[in-house]
Amino acid sequence: MDLLNSLNDKQREAASHDKGPVLVIAGAGTGKTRVLTHRIAYLIKTGKAHPREILSITFTNKAANEMKERIGQLIDYNIDRMWIGTFHSICVRVLRKNIEKIGYDKNFVIYDTDDQKLLVKDCIKEMDLDVKKYNVNAIRSRISNLKNSRISPDKFINDNYTDFYLRNVGELYSLYEKKMKISNALDFDDLLIKTLSLFENNKDVLLDYQDRFKYVLVDEYQDTNRVQYLLVRMIGKKNNGESNVFVVGDEDQSIYGWRGADIHNILDFEKDFKGAKVIKLEQNYRSTDIILNAANSVIKNNSQRKGKNLWTDFEEGELIRVIEVDNEKEEAFMIASSILKEIKNDLSYSNMAILYRTNSQSRALEERLIREGIRYKIVGGLKFYGRKEIKDIIAYLMLVQNPKDNISFRRIINVPRRKIGKKTIDTIQTYANNNELSLFEAAYEVRQMELTSSAVKSVEKFISIIELLMVKKDAMSLSEFMQAIYEDTGYKAMLESEDTIEGRSRVENVNEFFSAAVDFEERYEQNTLEDFLAHISLLSDVDKTDEKANDCVTLLTVHSAKGLEYDVVFIAGLEEKMFPIIRDNDGDDEDIEEERRLFYVAVTRAKKTLYLSFANERMVFGNHMYRTKSRFINEIPFEYLDVEEERTYVSKTKQKKQETKELFKGEIDLFSDIKPKYEENNKKTDKLCMGDKVKHKAWGIGTIVQMKGEGEDTMVTIAFENKGIKTLMLSFAPIEKA
DNA sequence: CGATACGTCCTTTTT
DNA sequence: GGACGTATCG
């Protein structure tokens, strides 16, 4: 069949497999997405399955969309009725239809990690516990772990009755669950767990889905957790003993153990699904021989693996460049310089990525990239949807969608200011707690509470605003409704009256959010408010990055980089305690193995060129900390490395650094056509000051609203008339006094 | 009630 | 070095 002609033998064997469970062990870059898309196309084209009989689970929505597209290119069938998406989005789909069967309202909302934290905080306060002893984040992740292990609050409390601290953790867990229920809200874990219990308690519902989905495919199987495994088994294993479960994964790329992912799911697949066929894909089509050998040498230090060895037909390629620097600023400098050098080799920015272990590393890199005029985009980190103004608008949306949502209620009852202060809110909260009501329900009975008449009036006014919006919701399209929210609540007036730099950039953000809603409306048929809310809360960081931002260097964590590839990859911060991250007193072997897998993932993102950098000193919380080279660099055989840079940096005197800077300066200037001469610019520092009008080459006229730093490090924030607020390095910005 | 001023904690990684 | 919470004052 010519559909499968372009595949190699192993890939074809997997794609054309008929009935029965299959585990495809697919090393990095061995074409697993090809196998998945071709398999689906094959199933449909040969008539083995109708699109609606296929359930395909991916790790991100982006991966789902790409797969859909690629299948569409392979065959000429309508595949809209196929289910493809992340575990979470598929569970939402199931729950929207069936959640009433397990005692929730259909209009439930999804709480993200921030919402969860607020809720945990509430619980700690309500139980009058010491905030210092009960760390919100620790409790939150503990609750998450317990939920995923399916340990109930009662059981946990009983098991730990003699331990004061743990017993309280159990009580917090219990209270948290109670509050979630009152708010008719589900957290990320609930989406999976509630689906599981729905299936367990309603066999008929489960049977429907078992019947429907003849073929179940799961990508990134190594990163599934216990609950996800159970879901796959439930839907995949039919009553007649048949199970057409097709999972693809790579135990060497299992990097979500901390989130409950269980590497044993993939290691034990053959036990779990009797008669499973195992197919190994070992030919890599991505990286050079040297990069691959380096990756292999590192990962073989792990014990928890099935074992495989990637190989390639590709040429040997370049040596891996190791860069040793003094600190994170120099690291950023060296990376930026190397990017500019690579640009010379006909590579574009979009072919390059900088990977790091923690999001906080992006700042130093970013500063340098701005300074060198290198376009970049950051995946994750400062999250658009995490901004106050966006969260506020979302809270309004969520409250109208589900009035029981207490977290959202609290968030916006006094934003914009409505003269409803802490005391009033506490009173409502107490009343709500005593009567087992949600805050919104309690607010209706505000007259029964001991409050001043003006407070009562303010609360009632707030209620009527929300009530009106609830009516409007059903009469308007999503985007119209969002506009109504913005105006009716007074939020728009609040932002516009602010008239500060931040205020204006908030207006811009809100507008951007609205255009995202319009976009959503046009793109999807299912485009109600609840669809939109589910959509935005389930987007992954990778999903959120702007595809349209063209020709940019990508900055992202190694976790976010999973599944992606670039010609040139920089891995930054390769120091002990950084990558691998080792927290003070736990030297768990399993943790180190996961870190090593993470490094393996990072290395195998590179197609042609790989840079590894480490700093001898790094700022942590504003303290200088000495660092040593990561063990992972030492695990790569020396013959694959080019450590020349090390010699450049043998001396740590300032003079030596100057020399290196000089060395790169000439090259940098070659490419910086938008960057005027450095010296000339430096003089601007003296001339310009706050409030001055300036003219920018690209952005036109603007006003300086902030200046930070001195001399060549001065940063200016300029409010442009049409282009918004930008922060620039004064010494490099193409601006002049207007 | 709300604005401002300082102290404390923190950081893995994300659906 | 920054987000967030508490203290203090207008």
Side-chain angles (χ1 to χ4, degrees), chain A residues 57-64 85-92 110-114 116-118 121 124-125 131-138 140-141 144 148 186-193 220 223-225 227-228 254-261 328 355-364 379-383 385-386 388 414-425 452 454-455 458 534-544 556-562 573 577-584 586 591 594-595 597-599 601-602 618-624 708:
Chain A
I57 298 166
T58 58
F59 200 70
T60 62
N61 294 296
K62 188 180 170 214
T86 62
F87 273 104
H88 292 87
S89 61
I90 278 163
C91 286
V92 168
I110 301 164
Y111 277 3
D112 67 12
T113 312
D114 287 340
Q116 284 183 288
K117 278 193 211 164
L118 291 175
K121 229 178 266 174
I124 294 173
K125 269 190 210 148
V131 192
K132 279 171 192 150
K133 276 189 113 176
Y134 295 83
N135 175 290
V136 174
N137 240 332
R140 191 205 63 80
S141 81
S144 172
N148 281 309
L186 301 187
D187 60 30
F188 289 134
D189 302 318
D190 285 330
L191 295 176
L192 309 178
I193 295 163
E220 308 282 9
D223 286 322
T224 51
N225 64 25
V227 175
Q228 291 166 335
S254 166
I255 55 176
Y256 283 95
W258 51 275
R259 203 170 83 182
E328 72 275 6
L355 274 53
Y356 36 76
R357 184 62 180 76
T358 63
N359 281 308
S360 59
Q361 287 169 265
S362 68
R363 187 163 304 128
V379 176
L382 320 144
K383 287 166 194 165
Y385 289 96
K388 262 190 212 73
N414 201 31
V415 183
R417 304 250 117 91
R418 298 188 177 91
K419 302 201 165 143
I420 302 172
K422 190 178 175 310
K423 226 181 125 191
T424 310
I425 297 171
T452 63
S454 70
S458 304
H535 176 79
I536 58 177
S537 57
L538 296 180
L539 286 179
S540 74
D541 284 341
V542 178
D543 297 327
K544 282 177 212 157
L556 73 182
T557 63
V558 183
H559 283 92
S560 292
K562 188 171 80 158
K577 296 195 170 181
M578 184 65 152
F579 197 172
I581 271 190
I582 304 159
R583 299 189 84 175
D584 288 334
D586 60 3
D591 291 346
E594 182 150 317
E595 292 293 314
R597 291 193 291 270
L598 202 50
F599 182 67
V601 168
R618 187 175 290 275
M619 282 276 236
V620 182
F621 306 140
N623 298 327
H624 294 278
K708 256 189 189 168

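Heavy-atom basis, side chains included; hydrogens, waters and symmetry copies ignored. Convention: sequence-line order gives letters A, B, ...; per-chain numbering from 1.
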Please tell me which of the listed nucleotides, [options], lies nearest to the side chain of [X]?
{"X": "A/K423", "options": "B/dC1, B/dA3, B/dT13", "result": "B/dC1"}
{"X": "A/H559", "options": "B/dC1, B/dA3, B/dT14", "result": "B/dT14"}
{"X": "A/N359", "options": "B/dC9, B/dT14, B/dT12", "result": "B/dT14"}
{"X": "A/T424", "options": "B/dC1, B/dT13, B/dT15", "result": "B/dC1"}
{"X": "A/N135", "options": "B/dT14, B/dC9, B/dT15", "result": "B/dC9"}
{"X": "A/H88", "options": "C/dG1, B/dT15, B/dT14", "result": "B/dT15"}
{"X": "A/N137", "options": "B/dT11, C/dG2, B/dG2", "result": "B/dT11"}
{"X": "A/Y256", "options": "B/dC10, B/dA3, B/dT14", "result": "B/dT14"}
{"X": "A/R357", "options": "B/dT12, B/dT11, B/dT15", "result": "B/dT12"}

field: Heavy-atom side-chain contact between A/E594 and A/W258 under 4.5 Å
entry: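 A/E594 vs A/W258: side chains touch.
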task: Please examine the side chains of A/H535 and A/S537, heavy atoms only from C-beta on, and report whether any two atoms are closer than 4.5 Å.
output: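 Not in contact.
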Any chance you could measure [X], atom [atom1], to [Y], atom [atom2], to the nearest 0.5 Å?
{"X": "A/E328", "Y": "A/M578", "atom1": "CD", "atom2": "CE", "result": "8.5 Å"}
{"X": "A/S89", "Y": "A/L538", "atom1": "OG", "atom2": "CG", "result": "6.5 Å"}
{"X": "A/N359", "Y": "A/T557", "atom1": "CG", "atom2": "OG1", "result": "5.5 Å"}

- request: Please name the residue in the list A/V601, A/L598, A/D223 that meets the side-chain contact (heavy atoms from CB on, under 4.5 Å) test with A/S254.
  value: A/D223
Spacing between [X] atom [atom1] and [N] atom [atom2], to the nearest angstrom:
{"X": "A/F621", "N": "B/dT12", "atom1": "CZ", "atom2": "C1'", "result": "11 Å"}
{"X": "A/K117", "N": "B/dC10", "atom1": "NZ", "atom2": "C1'", "result": "10 Å"}
{"X": "A/R363", "N": "C/dG2", "atom1": "CZ", "atom2": "C1'", "result": "7 Å"}
{"X": "A/Q228", "N": "B/dT15", "atom1": "CD", "atom2": "P", "result": "12 Å"}
{"X": "A/N623", "N": "B/dC9", "atom1": "CG", "atom2": "P", "result": "15 Å"}
{"X": "A/L556", "N": "B/dT14", "atom1": "CG", "atom2": "C1'", "result": "13 Å"}
{"X": "A/K577", "N": "B/dT13", "atom1": "NZ", "atom2": "P", "result": "18 Å"}
{"X": "A/I582", "N": "B/dT12", "atom1": "CD1", "atom2": "P", "result": "14 Å"}

- request: Go through A/V558 and A/F579 one step at a time and tell me if the side chain to side chain contact (heavy atoms under 4.5 Å, CB included) criterion holds.
  value: CA-CA 10 Å; A/V558 183; A/F579 197 172; 3.8 Å; yes
Anything under 3.5 Å between a protein N or O and an N or O of nucleotides 3-10 of chain C, put it in a table, one pair a line.
unit_1: C/dG5; atom_1: OP1; unit_2: A/K121; atom_2: NZ; d: 2.6

message: By nearest heavy atom, map A/I420 and A/L538 onto DNA chain B; which one lands nearer the 5' end?
response: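 It is A/I420 whose nearest nucleotide is closer to the 5' end.
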query: Hey, which of these two, A/K419 or A/R140, hits DNA chain B nearer its 5' end, going by closest nucleotide?
result: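 Taking each residue's closest nucleotide, the earlier one in sequence belongs to A/K419.
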message: Measuring only the C1' atom in each nucleotide, how far is C/dT6 from B/dT11? A whole number of Å is fine.
response: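 Looking at atom C1' only, C/dT6 and B/dT11 are 23 Å apart.
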C1'-based separation of B/dT12 from C/dG5 [nearest Å]: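 About 24 Å, rounded to a whole number of Å.
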query: Base, sugar-phosphate alone, or nothing: which one does A/N414 contact when heavy atoms must sit under 4.0 Å apart?
result: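 Here A/N414 touches the backbone only, sparing every base.
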message: Does A/T60 reach a base, just sugar-phosphate, or nothing at all? Heavy atoms under 4.0 Å.
response: nothing
task: Output all residues satisfying ring-ring contact (aromatic ring centres under 6.0 Å, His included) with A/Y111, sequence neighbours left out; order by chain, then residue number.
output: none
Measuring to OP1 and OP2 of [N], would you say a side-chain N or O of [X] lies under 4.0 angstrom away?
{"X": "A/T557", "N": "B/dT12", "result": "no"}
{"X": "A/R259", "N": "B/dT12", "result": "no"}
{"X": "A/S560", "N": "B/dT14", "result": "yes"}

field: Residue of the set A/D189, A/D187, A/T113 for which side chain to side chain donor-acceptor pair (under 3.5 Å) holds with A/S144
entry: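 One option only clears the test, and that one is A/D189.
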